[in-house]
Amino acid sequence: MLAVVMAGGYGRAGAGILGAMHGARRSAAVDVVEKLARDGRWRTVVVSDDRGILEQGRELGCSVRDTAGADFDWLGTLQEVVRAEAEPGEAVVVLGGCAAPLLDAGELAAVTLQAADGEVWQNNRLSPDLVLWKPAERVFRVEVCRNDNEFGYALERAGMAVRYFPGLLGFGFDLDTPVDCVLAAMRAECGPRLVKAVSGWELWRRVEAVRAVLDRGEYADVALLGRVHPVEAERFGQGCKVRLRVYSEERGMKALGRIERGEVRSLVGAMVEAVGWKRFFAVLEEQAGCVLFDTRVALEHLGVHVSERERFAADLGMVEEIQHPVLRELAEAAASCRIPVLMGGQSLVGGGLRIWLDV
């Protein structure tokens with residue numbers, strides 16, 4: 001079985017928010033490569049523009065492909081790796097370096113052995129970042145695909161039958177934002193490098209405040225906003241014994257091209273346009289004990305297009321780091337809210353909801 005770990009594009013190490021996230025992403029990537037390398041059933045190829053990740057991949061006995069200095073073509077690179085490394089008829093798994101920080105290589109192998117010819121397995125219907133397919137050569141039927149989020153759908157369009165990974169934590173949680181990194185580090189399944197990378201982050205305080213609400217055992221009200229996964233939300237509500245106030249919108253906005261076409265519409269965003277962020281959070285704190293908020297949908301609706309650094313600064317409540325007035329208002333309002341607010345991306349209200357169960 002062949003595993004291709006796409007672990008590039010994390011930027012360069014440095015100070016501040018992006019430097020910390022770079023370190024966390026690099027750590028998570030090497031952790032998952034090590035898990036695969038130590039399971040003798042996998043032949044692993046590491047694709048990256050990061051010299052440190054490549055060197056550690058070599059040390060772990062993996063094949064590596066250096067993409068530094070090249071115009072990176074996700075599909076073209078994957079096809080080249082499959083052409084060079086895969087055996088005819090073999091099953092192949094492709095995942096991002098931060099796609100599965102809680103992955104169990106044995107669980108992945110068990111699913112891979114079940115895969116039949118002509119099947120594509122995905123961990124998410126609309127924006128997968130863990131994709132398995134068989135046979136390997138079917139990748140050459142795909143003509144257009146820019147990233148892993150589009151790949152499962154591209155294989156489906158190429159005539160493959162779609163199946164889904166089991167609802168296990170290791171298959172359903174990835175690292176997109178700072179809060180994802182801290183949530184992953186709460187779990188025993190997390191690799192040691194990622195745990196070390198985030199151990200000193202101040203964000204732990206806010207995470208612990210949310211956990212205190214969940215641990216009350218009084219059916220506290222929890223607000224889930226953004227691209228909320230309905231199945232994960234139901235499991236979360238039952239497992240944590242909380243009442244949910246859910247508004248789910250714009251799932252698949254990236255994979256379906258809605259962002260590019262300017263089609264994203266958000267009820268939360270429309271409310272903020274009407275009353276502002278301060279009033280929005282004032283209403284939330286009257287109705288919930290804590291908030292898990294995938295802010296990206298509302299921000300897209302509001303036309304807030306900022307750097308990754310500013311988005312992460314808002315997630316972390318670092319108001320002084322934010323230049324955009326709307327994003328700054330969001331960060332200030334969330335920080336002054338009387339209930340704990342965790343902000344991030346889709347993982348926070350998707351696979352990340354499983355993190356809180358049995359911690």
Do you know the tightest heavy-atom contact between Val341 and Arg206?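 Taking every non-hydrogen atom into account, O-CD, 2.8 Å.
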Pro101 to Lys35 - nearest heavy-atom pair and separation: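 Closest approach of Pro101 to Lys35, heavy atoms only: O-NZ, 3.0 Å.
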Does any donor atom in the side chain of [X] or [Y] lie under 3.5 Å from an acceptor atom in the other side chain?
{"X": "His301", "Y": "Glu250", "answer": "no"}
{"X": "Asp129", "Y": "Asn149", "answer": "no"}
{"X": "Glu119", "Y": "Trp121", "answer": "yes"}

Decide whether a cation-pi geometry holds between Arg157 and Tyr153; the criteria are a distance under 6.0 Å from NZ or CZ to the six-membered ring centre and an angle within 45° of the ring axis.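 Yes.
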Does [X] use its side chain to pair, donor to acceptor, with the backbone of [Y] at less than 3.5 Å?
{"X": "Ser347", "Y": "Asp174", "value": "yes"}
{"X": "Arg258", "Y": "Glu263", "value": "yes"}
{"X": "Trp277", "Y": "Phe280", "value": "no"}

Apply side-chain contact (heavy atoms from CB on, under 4.5 Å) to Met343 and Asp294, showing your working. CA-CA 6 Å; Met343 298 192 296; Asp294 164 24; over 6 Å; no
Is it the case that atom [atom1] in [X] sees more than 12 heavy atoms from other parts of the structure closer than 6.0 Å?
{"X": "Lys254", "atom1": "NZ", "answer": "no"}
{"X": "Arg243", "atom1": "CZ", "answer": "no"}
{"X": "Arg261", "atom1": "CZ", "answer": "yes"}
{"X": "Glu286", "atom1": "CD", "answer": "yes"}

Tell me whether [Y] is reachable from [X] by hopping between hydrophobic residues (I, L, V, M, F, W, Y) whose side-chain heavy atoms are closer than 4.5 Å.
{"X": "Trp42", "Y": "Val33", "answer": "yes"}
{"X": "Leu78", "Y": "Leu36", "answer": "no"}
{"X": "Leu225", "Y": "Val210", "answer": "no"}
{"X": "Met160", "Y": "Phe140", "answer": "yes"}

Verify salt bridge (Lys or Arg N to Asp or Glu O under 4.0 Å) between Arg83 and Glu137, making sure each step is shown before the conclusion. CA-CA 8 Å; Arg83 187 176 290 110; Glu137 51 268 26; over 6 Å; no
Pairing of [X] and [Y] as salt bridge, 4.0 angstrom limit:
{"X": "Arg296", "Y": "Glu300", "result": "no"}
{"X": "Arg211", "Y": "Glu208", "result": "yes"}
{"X": "Glu232", "Y": "Arg235", "result": "yes"}
{"X": "Arg163", "Y": "Glu156", "result": "no"}
{"X": "Arg311", "Y": "Glu321", "result": "no"}
{"X": "Glu332", "Y": "Lys278", "result": "no"}
{"X": "Glu90", "Y": "Lys134", "result": "no"}

Is any side-chain heavy atom of [X] less than 4.5 Å from a side-chain heavy atom of [Y]?
{"X": "Arg58", "Y": "Val46", "result": "no"}
{"X": "Leu102", "Y": "Cys190", "result": "yes"}
{"X": "Phe171", "Y": "Asp104", "result": "no"}
{"X": "Arg227", "Y": "Val297", "result": "yes"}
{"X": "Phe293", "Y": "Leu342", "result": "no"}
{"X": "Val92", "Y": "Leu132", "result": "no"}
{"X": "Met6", "Y": "Leu95", "result": "no"}
{"X": "Leu175", "Y": "Leu194", "result": "yes"}

Spacing of OG1 belonging to Thr295 relative to CG belonging to Asp315, to within rounding of 0.5 Å: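 Rounded to the nearest 0.5 Å, the OG1-CG separation comes to 5.5 Å.
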To the closest 0.5 Å, what do you measure between CZ (Arg146) and CH2 (Trp74)?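 One finds 12.0 Å between CZ of Arg146 and CH2 of Trp74.
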Which word best sums up how the rings of His22 and Tyr10 line up, parallel for under 30°, tilted for 30 to 60°, or perpendicular for over 60°?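 It falls in the perpendicular class, over 60°.
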Under the criterion salt bridge (Lys or Arg N to Asp or Glu O under 4.0 Å), I'd like the reasoning laid out for Arg26 against Asp50: C-alpha separation, chi angles, the key distance, then a yes or no. CA-CA 8 Å; Arg26 170 190 273 187; Asp50 187 304; 2.9 Å; yes
I would like to know whether Trp356 and Leu292 meet side-chain contact (heavy atoms from CB on, under 4.5 Å); could you show each step before the answer? CA-CA 12 Å; Trp356 304 96; Leu292 306 182; 4.2 Å; yes
Step-by-step side-chain contact (heavy atoms from CB on, under 4.5 Å) determination, Thr177 to Leu348: CA-CA 9 Å; Thr177 70; Leu348 179 61; 6.0 Å; no
